[in-house]
Amino acid sequence: MARIKPQTLLQQSKKKKGPSRFSVATTVIYGLIVAGMVLFIFATCRYLSRRSKVQMEDALSAVEHDNAFGERKKVDIPRYAVISTSKGSITVEIYKEGSPEVVEEFVDSCSKGRFKGMFFNRVIKNFVIQGGDVDSAGTTEDWTLRGKHYSQLDTSLKHEAFMLGTSKTKHDGGRFDLLITTAPIPDLNEKVNVFGRVIKGEDVVQEIEEVDTDDHYRPKTPIAIIEVTLKQKV
């Protein structure tokens, strides 16, 4: 049997180690590829998760909006209201589009009977009559002071007489007052949310306007609001 020289064995050993070095390099490359794929998959999943969350929130928001719209739509806003007073009845047409939130509050107050038994607590001749459960002289007295300078105001901003509205001042406890103009008032929008017009019973408004009042414009003889009835037709 022939002996293999040590030099030959050394060369054979080097040839065997070659593939081993190649295998390590390949493993490193494959490892980098796998790590890149993992990072890509992680980033993709995170993006899809965020996108799904946003879509879910948008869908919920749309559902809530549709529900709110549906609930508002269910509220059958009447076209007319009849204010029965101790002097007679006043029929008003309600402007649904002008101030929808105010109209809804008015309808809610009517349905809960909040005006029943209330009084006209301010009567200012050639200006307004004010009734309801708000006893505040601030608005009407301020208008009266301005009314003394009526001729100096911009007449292009006048509103007609017999308009129905409520003061813009927020009241505690869901209180709501009713104001009916008895003459054109300049700059009415600064103080009042107008949401209707008297179409019948102007003579009753004028009769209330003519009652005697004290120095604070309170009627000396109480004038009651018996009830306010909502109607779709008159």
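Please read all numbers here as calculations on a predicted model, not as lab measurements.
Between Pro222 and Ser86, the shortest heavy-atom contact is O-OG, 4.3 Å. Of all heavy-atom pairs between Ser89 and Val204, the closest is O-CG2, 3.6 Å. Considering every non-hydrogen atom in both Glu202 and Val198, the closest pair reads OE2-O, 3.8 Å. The minimum heavy-atom distance linking Leu230 with Pro78 is given by the pair CB-CG, 3.7 Å. Residues Val192 and Gly165 come closest through the heavy atom pair CG1-CA, 3.7 Å. For Val194 against Ser99, the heavy-atom pair with the smallest separation is O-OG, 3.7 Å.
Val103 and Tyr80 fall into different hydrophobic clusters, defined by Ile, Leu, Val, Met, Phe, Trp and Tyr side-chain heavy atoms under 4.5 Å apart, directly or through other members. Cluster membership check: Ile223 shares its hydrophobic cluster with Val228, using side-chain heavy-atom separations under 4.5 Å among Ile, Leu, Val, Met, Phe, Trp and Tyr. Met163 and Val82 end up in different hydrophobic clusters when Ile, Leu, Val, Met, Phe, Trp and Tyr side chains are linked at under 4.5 Å. Both Met37 and Ile29 sit in one connected hydrophobic cluster of ILVMFWY residues. Membership requires side-chain heavy atoms under 4.5 Å apart, directly or through other members.
Rounding to the nearest 0.5 Å gives a distance of 4.5 Å between CD1 of Ile83 and CD1 of Ile180. One finds the CD atom of Glu104 at 12.0 Å from the OG atom of Ser109 (value rounded to the nearest 0.5 Å). In this structure, CG on Asn193 lies 11.0 Å from CG on Leu164, to the nearest 0.5 angstrom. Here Ile94 contributes atom CD1 and Ile199 contributes atom CD1; the two are 10.0 Å apart, rounded to the nearest 0.5 Å. Here the CD1 atom belonging to Ile129 is positioned 5.0 Å from the CD1 atom belonging to Ile90, to the nearest 0.5 angstrom. From Glu227, atom CD reaches atom CZ of Phe115 across 12.5 Å, with rounding to the nearest 0.5 Å.
By the side chain to side chain contact (heavy atoms under 4.5 Å, CB included) test, Gln206 pairs with Phe162, Glu209, sequence neighbours left out. Considering only residues two or more places apart in sequence or on other chains, Glu210 meets the salt bridge (charged side-chain N to carboxylate O under 4.0 Å, His left out) condition with Lys125.
Looking only at side-chain heavy atoms (C-beta outward), Val128 and Tyr217 stay at 4.5 Å or farther from each other. Within the 4.5 Å cutoff, no side-chain heavy atoms of Val211 are placed close to those of Phe120. The side-chain heavy atoms of Arg122 and Phe127, taken from C-beta on, include no pair separated by under 4.5 Å. Side-chain contact check for Asp108 versus Arg114: some heavy-atom pair is nearer than 4.5 Å.
In this structure, Phe106 and Phe176 have tilted ring planes: the angle between them lies in the 30° to 60° band.
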Run Thr182 and Val205 through side chain to side chain contact (heavy atoms under 4.5 Å, CB included) and show every step you take. CA-CA 7 Å; Thr182 60; Val205 174; 3.8 Å; yes
Take Lys231 and Arg79, measure what side chain to side chain contact (heavy atoms under 4.5 Å, CB included) needs, and give me the verdict at the end. CA-CA 6 Å; Lys231 295 185 176 183; Arg79 293 187 60 190; over 6 Å; no
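Side chain of Thr166 to main chain of Asp177: a donor-acceptor pair is present (N/O by atom type, distance under 3.5 Å, no hydrogens or angles). The main-chain N or O of Glu207 is never found under 3.5 Å from a side-chain atom of Lys87 such that the two would form a donor-acceptor pair. Thr181 contributes a side-chain N or O that, together with a main-chain N or O of Glu160, makes up a donor-acceptor pair within less than 3.5 Å.
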